[in-house]
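Per chain, numbering begins at 1; letters A, B, ... match sequence-line order.
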Protein chains: 2
Amino acid sequence: MDIDSSSLKTGTGSEARDEIVRAAAEVFMEFGFAATSIDAVAERLGATKGRIYHYYRSKAELYFDVQIAAMERLLREIEPIARGEGNAAERLEAMALRHTTILLEDLPIQKVAVRGLERELLGAVAARHAKTLRSIVRMRDDYEQIFAEVIDDGIRAGLFADLPPRLATKPFFGAMNWLTVWYAPRRLQKPEDIAEIARTLTEFAMRGILKGAQP
Amino acid sequence: MDIDSSSLKTGTGSEARDEIVRAAAEVFMEFGFAATSIDAVAERLGATKGRIYHYYRSKAELYFDVQIAAMERLLREIEPIARGEGNAAERLEAMALRHTTILLEDLPIQKVAVRGLERELLGAVAARHAKTLRSIVRMRDDYEQIFAEVIDDGIRAGLFADLPPRLATKPFFGAMNWLTVWYAPRRLQKPEDIAEIARTLTEFAMRGILKGAQP
DNA sequence: TTGCCGACATACCGATGAGTATGTAACCTC
DNA sequence: GAGGTTACATACTCATCGGTATGTCGGCAA
């Protein structure tokens, strides 16, 4: 009867759903979940509600799909680096650089994901979407865990400042993810500008966690 | 006829307004501006809409008052430190420690302020509240400027890593302000826990900006 | 004591927007 | 080429919520 009861992009309408997700991400990024109307998303698509509700059963489901798309990309790109070669500091730096670059490149989707599951959702529609919700929270936890493990490696190797790994992860992400708050892409953004921002944030985060050389 | 056309807490009803602001901050923190209903704020107060609309003319005005309360406290406490004694590194560290501590102590109000003027507002009610809006943006800029100047001092004194000051400010705030995303106060939160978090974040941010000793 | 006013509560209105029901044109299949 | 299905658009319903209009009650001044 319908496309797919889950939010997975299986088969039918996969590219149509992708286009909807991208448009939705732009509007969600701009106004947040609550203040975004489905009509507004449809207008950005040059279409009407009908198109969206043909592929998604609710606004929440669409929102979840944005989050999933974001987390899938991050996990897919960062995990191999974490499991790759190099010592903890080298791997962590490569992960951070890739992470910030993805945020900057894929801003709408990533910004929505970084903002996170706004509390309004957890309380409101938690029951109906409990399974999807858990899987998203799971992905976020997994992602943080990847960083936490590398950081833990580095601490035990004596490379990083001696902090509780879980707590050290927070400002590390903070230094990077904060860009979703202050960064506004300019028309004619040059790729090297993005690269410079990514490099600066990565260096800051790495200095924050590396063991100081002053004895 | 009415209390005060501006959002200033002048004279009449000052403490009543304060109580409303605190309750509003809690609900805004939880649900964001758009998803927060005035009825919900009233319920948290154990009152009805009537009480709120007696002191505030709109939901936006109430929201602005939360932001103003937050920025006033930050400016009031941090500026003296910036203008105090000590070299740039010492002053910046004291500022950061105070900043994070205030965020943790005053979480609801500060979290709303850190989240910032959500874009939905700027577009929607910008015209009616243009003056208030400008003054809030002004306070935020001033606050960031205080940090930027100390950071600039430190860079020129050769204490800090050689970065564009405006760009260096971003991850510095990021490492600290990110706590508003991940930190959830626990029942029976001990003051020393707050102090440890504040110290850890401050140390991270300072290491991030201090010139590395490795030649 | 009377009359006014501040401090709310209650009752109501109108707009917005999520979700649904229904139409409909193209396309695919046999 | 008839019947079904996909991919939408259109039209409508209904609940929520911001804001307002009005009522009420206690205190305070004359």
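Rounded to whole angstrom, the span from the CD atom of A:Glu19 across to the C1' atom of D:dA7 amounts to 13 Å. Look at CD on A:Glu15: it is 10 Å from P on D:dA7, rounded to the nearest Å. For the pair A:Asp39 CG and C:dA18 C1', the interatomic distance rounds to 9 Å; values are reported in whole Å. In this structure, A:Tyr63 atom OH and C:dG19 atom C1' are separated by 20 Å, rounded to whole Å. One can place CD1 of A:Ile20 at 11 Å from P of D:dA7, the figure rounded to the nearest angstrom. Atom pair A:Ile52:CD1 and C:dG19:C1' shows a separation of 12 Å (rounding to whole Å applied). In this entry the distance linking OH of B:Tyr56 with P of D:dG18 reads 16 Å, nearest Å. Between the CD1 atom of B:Ile38 and the P atom of D:dG19 there is a distance of 7 Å, given to the nearest Å.
A:Thr48 comes within 4.0 angstrom of a nucleotide base, judged by non-hydrogen atoms across all strands.
Remark: side-chain polar atoms of A:Arg166 are not paired, donor with acceptor, to backbone N or O of A:Ala148 under 3.5 angstrom.
Residue B:Arg51 has its side chain nearest to C:dC8 when only C:dC8, C:dG19, C:dT10 are considered. For B:Tyr53, the side-chain atoms get nearest to D:dG19 when compared with the rest of D:dA9, C:dC8, D:dG19. Proximity note for B:Lys49 (side chain, C-beta onward) versus C:dT20, D:dT20, C:dC8: the nearest is D:dT20. Listed candidates were C:dA18, C:dA7, D:dA9. Nearest to the side chain of A:Ser37 is C:dA18.
Mapping B:Gly50 and A:Gly50 onto DNA chain C via the closest heavy atom, the residue that lands nearer the 5' end is B:Gly50.
The CG atom of A:Asp142 sits 8.0 Å away from atom CE of A:Met139, with the distance rounded to the nearest 0.5 Å.
The aromatic rings of B:Phe173 and B:Tyr143 sit tilted, their planes meeting at an angle between 30° and 60°.
The pair B:Asp153-B:Arg91 meets the salt-bridge criterion, since a charged nitrogen lies less than 4.0 angstrom from a carboxylate oxygen.
Phosphate proximity of D:dC8 to A:His54: absent, as no side-chain N or O sits under 4.0 Å from OP1 or OP2.
Under the 4.5 Å side-chain criterion, counting only non-hydrogen atoms from C-beta, B:Glu19 is not in contact with B:Tyr55.
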